[in-house]
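For reference, the structure is listed below as structure tokens.
Quick note on labels: first sequence line is chain A, next is B, and so on, each numbered from 1.
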Number of protein chains: 2
Amino acid sequence: MQPVEHPKSLNEVTADKIRNAIVEGELALGAKLSEQRLADLLGVSRSPVRDALAALQAEGLVVISPKRGSFVFTPDSHVVDELCEHRVILETAAVRLGITRNPSELTRQLAASCDAMQSALDAGDPHGYTRADHQFHNAIIESADNRALAKSYVLMISPLKALRTHLFTIMTENTDRSLSEHHLVLNAVRDKDPDRAISLLSAHVGHLAEAFRANLSTSQDGKISPATLEA
Amino acid sequence: MQPVEHPKSLNEVTADKIRNAIVEGELALGAKLSEQRLADLLGVSRSPVRDALAALQAEGLVVISPKRGSFVFTPDSHVVDELCEHRVILETAAVRLGITRNPSELTRQLAASCDAMQSALDAGDPHGYTRADHQFHNAIIESADNRALAKSYVLMISPLKALRTHLFTIMTENTDRSLSEHHLVLNAVRDKDPDRAISLLSAHVGHLAEAFRANLSTSQDGKISPATLEA
DNA sequence: AAGCACCATCTACCATGTCAGATGTTCTTG
DNA sequence: CAAGAACATCTGACATGGTAGATGGTGCTT
């Protein structure tokens, strides 16, 4: 049996709910967040909400303006470029380590993720495709077996996940190319060719950055309709 | 004149004080931290202390055990290896970007840091040497001109800074080799040779990791005497 | 009508109170 | 004397209250 079973603190579940609401698009980019209002919506006190917002600020999902209010982050094409560049740095370093350390496990995970992407595409399930995509890149990070690196990645990727949801609502992205690029990376990993994998991965994330830039310049502002937080 | 002058929130100054106390060695590794005791020592309420501890936990300097207490982090040779590996990843990526983006400014900063190290060494000022060392590596990160990367670096480097203070109290480290290694990196940057700079930088941080491992295995636990927090 | 001072209102910041869980000690019991 | 139960105490989790600062509107002044 498992060692313990620690119920998540109210603090954590609150942070999870708010993060989810932002990433899933229930809260518009730049939307105003009030400690009091969120506390009322979630049925908790202001304390856990305050802690949660502070944690989300560290993740880059929320910006807190002293005495003025908390707001969902607003994308900025320069910041998005920085995030993508950082992402490339972490993923390429991770894939090199992963190919060195446990190539077979990494290959297995990437293949499974590619299959999941294909299935989601066949089923016309964009949400499932996104999940499989995240799973693919997460497998790369995990394969490096370095918690410090993984922590950095998690702290950096949330805004990008949110942007994907907010900008690609109508499935603007080219999933066919995306899928084939994933397969190319998989093959490079299978061949234990880190340099090729890195090159392909860089190009892949670069294409994502391009898509972000294109959609950011057209939409100008995140004007997705705000929605309520679900229990 | 400057746009504004926002006084730091009590929250931040509290976090700064506690962080400083840990990094400077005033608080022993693994020392027990009580919200109440810290609040009394610093003359503030428990709220800012609580927020500060949460922030420091995100930095890896503090671990909070629910309902049990907060403690200064305790080093673990495996975790230290991971931190150093992560550090190499970020610094090597940064130096490559820096050489591409603004090599002259980077060269200037690195040269200045090397001079400061030399001066500190001549003056027998280990604390000054450490500061110059941090300045050197920070210049590399800043040169990449990527805030996301810089944020990751800051969040990762604090425990390493603290370890340096706690483990190298008697100046165990080989400052002569360290200085020469810094100069080699400087020369590679001056020559705009990213591959050589990366190789040298990896070796340099690798030596640091070795030193950490050596001292960790001998001391087994951080038993530096605890001290009071200064105003 | 334009500009400015005043004020109602909203915000996060910080202080304090209350409570349940974790721990160390003492007392009881075999 | 050993082992376990009951208790006192310490901790952080969470709730709530008070306050300074920021904002937006209103009415007065010119």
Side-chain angles (χ1 to χ4, degrees), chain A residues 2-19 21-22 27-28 30-74 226 229 231, chain B residues 2-19 21-22 27-28 30-74 226 229 231:
Chain A
Q2 53 227 24
V4 285
E5 183 201 346
H6 249 298
K8 279 195 176 185
S9 80
L10 197 48
N11 194 326
E12 292 177 73
V13 302
T14 305
D16 289 344
K17 282 213 206 282
I18 299 176
R19 181 189 303 109
I22 295 175
L27 285 168
K32 179 163 189 169
L33 302 172
S34 154
E35 287 182 4
Q36 186 64 62
R37 181 157 27 257
L38 286 173
D40 294 343
L41 279 172
L42 296 169
V44 297
S45 169
R46 304 196 315 270
S47 302
V49 174
R50 175 174 170 75
D51 291 347
L53 288 179
L56 294 176
Q57 185 180 37
E59 287 185 41
L61 283 177
V62 166
V63 294
I64 300 179
S65 209
K67 307 280 190 182
R68 288 193 45 220
S70 307
F71 306 86
V72 179
F73 81 106
T74 50
L229 289 166
Chain B
Q2 54 226 19
V4 284
E5 182 202 348
H6 250 299
K8 279 194 174 183
S9 81
L10 197 50
N11 195 326
E12 294 176 71
V13 301
T14 305
D16 289 344
K17 282 213 206 282
I18 300 176
R19 180 189 304 108
I22 296 174
L27 286 168
K32 178 163 189 169
L33 302 173
S34 155
E35 287 183 3
Q36 186 64 64
R37 180 156 28 256
L38 286 174
D40 294 343
L41 278 172
L42 296 170
V44 298
S45 168
R46 303 194 319 265
S47 302
V49 173
R50 178 175 170 74
D51 291 348
L53 289 179
L56 294 175
Q57 186 180 37
E59 287 185 39
L61 283 177
V62 165
V63 294
I64 300 178
S65 210
K67 306 278 190 181
R68 287 194 44 219
S70 306
F71 307 85
V72 179
F73 81 106
T74 51
L229 289 165

To the nearest angstrom, how far is [X] atom [atom1] from [N] atom [atom2]?
X     : N      : atom1 : atom2 : value
A:E12 : D:dA13 : CD    : P     : 10 Å
B:L10 : D:dG18 : CG    : P     : 20 Å
B:R37 : D:dC10 : CZ    : P     : 10 Å
A:D40 : C:dA12 : CG    : C1'   : 15 Å
A:Q36 : C:dT9  : CD    : P     : 16 Å
A:L42 : D:dC14 : CG    : P     : 13 Å
B:Q57 : D:dT11 : CD    : P     : 18 Å
B:K8  : C:dC13 : NZ    : P     : 15 Å

- Item | Minimum-distance nucleotide (side-chain atoms of A:R68 versus D:dA13, D:dT23, D:dC14) |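 From the listed options, D:dT23 comes nearest.
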**Asked** What nucleotide among D:dC14, D:dA13, C:dA15 has an atom nearest to a side-chain atom of B:I64?
**Response**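 Output: D:dA13.
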For [X], answer base if it contacts any base atom (sugar-phosphate contacts may also be present), sugar-phosphate if it contacts only those atoms, and nothing otherwise; contact means non-hydrogen atoms under 4.0 Å.
X     : value
B:D51 : nothing
A:S9  : sugar-phosphate
A:L33 : sugar-phosphate
B:S34 : sugar-phosphate

**Asked** If each of A:V44 and B:P66 is mapped to the nucleotide of DNA chain D with the nearest heavy atom, which maps nearer the 5' terminus, i.e. the 5' end?
**Response**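 Nearest nucleotide further toward 5': that of B:P66.
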In terms of side-chain geometry, is the basic nitrogen of B:R19 or B:D16 positioned less than 4.0 Å from the acidic oxygen of its partner?
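Between B:D16 and B:R19 there is a salt bridge, with a charged N closer than 4.0 Å to a carboxylate O.
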Review point. Taking side chain as C-beta onward, heavy atoms only, is B:D51 less than 4.5 Å from A:D51?
Key: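 With C-beta onward as the side chain, the pair touches.
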Compare side-chain N and O positions of [X] against OP1 and OP2 of [N] and report whether any pair is under 4.0 Å apart.
X     : N      : value
B:R46 : C:dT16 : no
B:S45 : C:dC14 : no
B:S65 : C:dA22 : no
B:S70 : D:dG12 : yes

* Might you work through the side chain to side chain contact (heavy atoms under 4.5 Å, CB included) test for A:L33 and A:R37, ending with a clear yes or no? => CA-CA 7 Å; A:L33 302 172; A:R37 181 157 27 257; over 6 Å; no
Checking only heavy atoms, does the side chain of A:K67 share a donor-acceptor pair with the base of D:dA20 at less than 3.5 Å?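 Answer is yes: a donor-acceptor pair is held.
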So which heavy atom on B:S70 is nearest to which on B:V62, and how close?
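Result for this residue pair: CB-CG1, 4.3 Å.
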Practice item. Heavy atoms only: give me the nearest A:S65-A:F71 pair and the separation to one decimal. Key: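 Closest approach of A:S65 to A:F71, heavy atoms only: CB-CE1, 4.2 Å.
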